[in-house]
Amino acid sequence: MPAQEKTSTVNLPLVLAGPILRKCTVSELSVWLVTSEPLDASFSLYLPGETKAFYSHPISSEHQLQVGRTAWVVMANLKGDFPVDTVLEYELFTQHGSLSDLVPFLLYAGENRLSFCIRTQASYVMHGSCRNPHYPSQDSLVAADSKVASLAVGERPSLLMMSGDQIYADHVAGPMLDVIQQVIHLLGLPDENFAQGPVANTQSLYLHGYNFYGRDQILPHYVDSGNWLSDSGVGAWLPHRGRPVFSSRESENHLMSFSEFFAMYLLVWSPQLWHFVDSERLKKQGFQCGQRVLEPKWQERWYEEKQHIDEFVVGLPQVQRLMAHIPTYMIFDDHDVTDDWNLTIGWEKAAYGNLLSRRIIGNGLISYWLCQGWGNAPEHFDLTFWSYAKTFFTDPCNAHQDQFIDYLYRFEKWHYAIETTPKMLVLDTRTRRWRSESKMNKPSGLMDWEALTELQQSLLNEPAVILVSAAPMFGVKFIEMLQRGMTWLGLPLLIDAENWMAHPGAANTLLSIFTHTKTPTNFVILSGDVHYSFAYDVKLRFRRSSPNIYQITSSGIKNEFPNALLRVCDFMDRALYSPHSPLNWFTKRKRMKIKKRDPDTPGSHRLVNRSAIGELRLDSNGRPTDIAILTADGKRVVFPKITSN
């Protein structure tokens, strides 16, 4: 699987993406970036107003992985004894000059160097998920940057938590996919061979008539024999037979190769590469895609998506600036890899039993580790992990790629802790699932018994904790009942029927954690996923010493729920599942009393359907003092404290 043969003659800038501040503690700093050549640099820390660095460390080749002819991923993982709760400034001195000179728009007004704080307390957290580049709304990360620009360094958020769907691998705009493939050529990212599919390799894919707006025709299908088991034989590839493995209704432009996944990350986090591509190339070619000219409906879709992509790109300098100043943590959800990822055991058997879908999912995991997971907890990736990674990136042949993917499927350390006060526990709710033992198409529990037991051990004797769960632990009950109905009809994939209460074992084990006497007094649960925002206060019924549980959901950063449908669901949920409704006694969470906060918006809606980033402020005991969302257009919606009994 050699890299692309043709070499671009474009003079690329050194910095292609980043820097992104990742794990930042008293003893460790991690900075992620992508460069067009091996980085020869030193990282220096300063106190404000000082001209001499109090800490400086070279960035060696050990911190870098070459992923293309002109693409190196750099993770500067620096150890030391760093000042906390004080303003710090940093600079990268590279072979081509200082970072501040190379990318001057990264600096906020009045800055000479980039600034940040290492916070011991998570007293102010920004959080959100679901950032779809071509959704017709503004980008909430741009609003977050504008907010940070207005604050003194000491008043900025302690961290930014991105709780899933940082990319939409299964729903890529046509103009974005075209640019992705131009970036692959520009950076000399590797080609790839495919097994068990209608295209033999990436070059065949790029020349195929269904390369754009038609990949659902070449993505894997399987024969449904009535028990959701896949058929990996020839019959699965016959026209109009079988079910699609990737069942997303938007799978016309699903990412497939590792290079496509990786290029998309660069394009959604930084503006640099957009200056070297032609975003109108497909239109200039008369919408010619292989031997096929795109149908009028797809051409119309392209024009619509192109408008939203152009608006998205305008905000990327601010997105890059935000993540260069605020420690940023991430965890995957389904769209980072594919819709319906591990939703049911039947889906898993179909997906992992087919060599092409297994490779596509594995490519999503490789790119997730490289661009997200690596910086969350570098200590989780030991010598064994590195042996597989380096072998693949040194020689990205089929065998090495499959070996790395096989290892990633067995890997169980995507979850991690952030040692702030309160402690933050970021959960992996995708890869350690509690599979149904009764039906192939019944939703799996979001975490299995072993993972939930480990979670409980992590909570023991903690006075307060912040749990980061991609999907809300306490969601909108009426919507969960609709999902249950679709599952009963045998259609769980139709509406992503996954929630914490969908699997009896996972639900009961989770609820027992909240009732344990040695678990925290204050639980804050940060979630996204659902494309609307809400806040609940939760207590145990009939118990005076109940812990305080706060379900806080902010979603999406650049996505929303169908508004008319959400208004109906909101009304029905309020009507049927008020705290005193007898219907609550027929739910798994009947031991919980849930009070729903009213946002300070006109009307009676409790579910806020706006693209937004969450803002959370906590007191010294880990209890929320301010729950709000900052909308993409810069307005603030607050969920005030409930004052009635």
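Being a predicted model, the structure only gives us computed values, none of them experimental.
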Problem - Verdict with supporting geometry, F261 and I366, side-chain contact (heavy atoms from CB on, under 4.5 Å) - result: CA-CA 9 Å; F261 276 93; I366 294 174; over 6 Å; no
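- Across all their heavy atoms, C117 and T86 have their closest contact at SG-O, 3.4 Å.
- Shortest non-hydrogen contact noted between G362 and Y409 is N-OH, 3.2 Å.
- Ring centroid separation for the pair Y168 and H335 comes in under the 6.0 Å cut-off.
- Taking 4.0 Å as the cut-off between side-chain N and carboxylate O, R321 and D145 count as a salt-bridged pair.
- Between Q121 and D85, the side chains place no donor N or O within less than 3.5 Å of an acceptor N or O (distance only, hydrogens not considered).
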Handout entry: Stepwise side-chain contact (heavy atoms from CB on, under 4.5 Å) test for D170 and F246
Key = CA-CA 8 Å; D170 55 352; F246 301 109; over 6 Å; no
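- Rounding to the nearest 0.5 angstrom, the gap separating the NZ atom in K79 from the OG1 atom in T25 is 9.0 Å.
- Remark: aromatic rings of H57 and F43 are distant, center separation not under 6.0 Å.
- Rounded to the nearest 0.5 Å, atoms CG (D336) and CE (M162) are 9.0 Å apart.
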Exercise for the section: Could you walk me through whether K23 and E379 pass salt bridge (Lys or Arg N to Asp or Glu O under 4.0 Å), step by step? Expected result: CA-CA 11 Å; K23 182 177 182 180; E379 68 278 6; 3.0 Å; yes
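- The shortest heavy-atom contact between W369 and L65 is CH2-CD1, 3.8 Å.
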Problem - side-chain hydrogen bond (donor to acceptor under 3.5 Å, both in side chains) between T553 and Q551, worked out - result: CA-CA 7 Å; T553 303; Q551 173 66 66; 3.2 Å; yes
Problem - Candidate pair W32 and T328, rule side-chain hydrogen bond (donor to acceptor under 3.5 Å, both in side chains), full reasoning - result: CA-CA 10 Å; W32 180 95; T328 302; over 6 Å; no
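- With hydrogens and angles left out, the side-chain atoms of Q166 and Y265 include no donor and acceptor closer than 3.5 Å.
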Practice task
I would like to know whether I405 and Y388 meet side-chain contact (heavy atoms from CB on, under 4.5 Å); could you show each step before the answer?
Solution key: CA-CA 9 Å; I405 288 172; Y388 285 101; over 6 Å; no
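- Looking at R435 and E348, a side-chain N of the basic residue comes within less than 4.0 Å of a carboxylate O on the acidic one, giving a salt bridge.
- The pair E28-R22 fails the salt-bridge criterion, with no side-chain N (NZ, NE, NH1 or NH2) lying under 4.0 Å from an Asp/Glu carboxylate O.
- Residues S444 and I345 come closest through the heavy atom pair OG-N, 3.9 Å.
- Panel note: side chain S357, backbone N354; a donor-acceptor pair is recorded below 3.5 Å.
- To the nearest 0.5 Å, atom OG1 of residue T431 and atom CG of residue L446 are 11.5 Å apart.
- By the salt bridge (Lys or Arg N to Asp or Glu O under 4.0 Å) test, E454 is found to be paired with R432, residues two or more places apart in sequence or in another chain being considered.
- D406 and R358 are joined by a salt bridge, as a carboxylate oxygen and a charged side-chain nitrogen come within less than 4.0 angstrom of each other.
- The six-membered or imidazole ring of F474 lies near that of F514, with a centre-to-centre distance under 6.0 Å.
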Practice task
Given side-chain contact (heavy atoms from CB on, under 4.5 Å), test F258 with L370 step by step and report yes or no.
Solution key: CA-CA 11 Å; F258 161 74; L370 196 61; 3.9 Å; yes
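- In summary, R131 and D165 do not engage in a salt bridge, as defined by a charged side-chain N under 4.0 Å from a carboxylate O.
- Every salt bridge (Lys or Arg N to Asp or Glu O under 4.0 Å) that D333 has, sequence neighbours left out, goes to R430.
- Taking the ring centroids of Y550 and Y536, they lie at or beyond the 6.0 Å cut-off.
- In this structure Y368 satisfies the ring-ring contact (aromatic ring centres under 6.0 Å, His included) test together with F332, W414, sequence neighbours excluded.
- To the nearest 0.5 Å, atom OH of residue Y416 and atom CE of residue M330 are 8.5 Å apart.
- Separation of atoms OG (S533) and CD1 (I629) is listed at 4.0 Å; rounding is to 0.5 Å.
- By the salt bridge (Lys or Arg N to Asp or Glu O under 4.0 Å) test, R156 is found to be paired with E111, residues two or more places apart in sequence or in another chain being considered.
- Checking S36 against W72 by side-chain atom types alone, no donor-acceptor pair falls below 3.5 Å.
- Between F381 and the choices W386, W374, F411, the ring-ring contact (aromatic ring centres under 6.0 Å, His included) rule is met once, by F411.
- Side-chain atoms of H254 and T338 include a donor-acceptor pair closer than 3.5 Å.
- With H63 contributing its side chain and S60 its backbone, the two residues share a donor-acceptor pair below 3.5 Å.
- There is no side-chain donor-acceptor pair under 3.5 Å between T70 and E37.
- Applying the 6.0 Å contact sphere to CD of E62 captures no more than 12 heavy atoms from other residues, nucleotides or ligands.
- Smallest separation of non-hydrogen atoms from P472 and V530: CD-CG1, 3.9 Å.
- The distance from atom CG of L510 to atom CH2 of W500, rounded to the nearest 0.5 Å, is 5.5 Å.
- Evaluation of the side-chain hydrogen bond (donor to acceptor under 3.5 Å, both in side chains) rule for D402 yields R359 as partners, not counting sequence neighbours.
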Practice task
Determine, stepwise, if the pair S259 / E192 fulfils side-chain hydrogen bond (donor to acceptor under 3.5 Å, both in side chains).
Solution key: CA-CA 9 Å; S259 294; E192 184 174 336; 5.7 Å; no
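- Residues that satisfy the salt bridge (Lys or Arg N to Asp or Glu O under 4.0 Å) test with D529, not counting sequence neighbours, are absent from this structure.
- Nearest approach of F404 to F392, heavy atoms of both residues: CD2-CD2, 3.9 Å.
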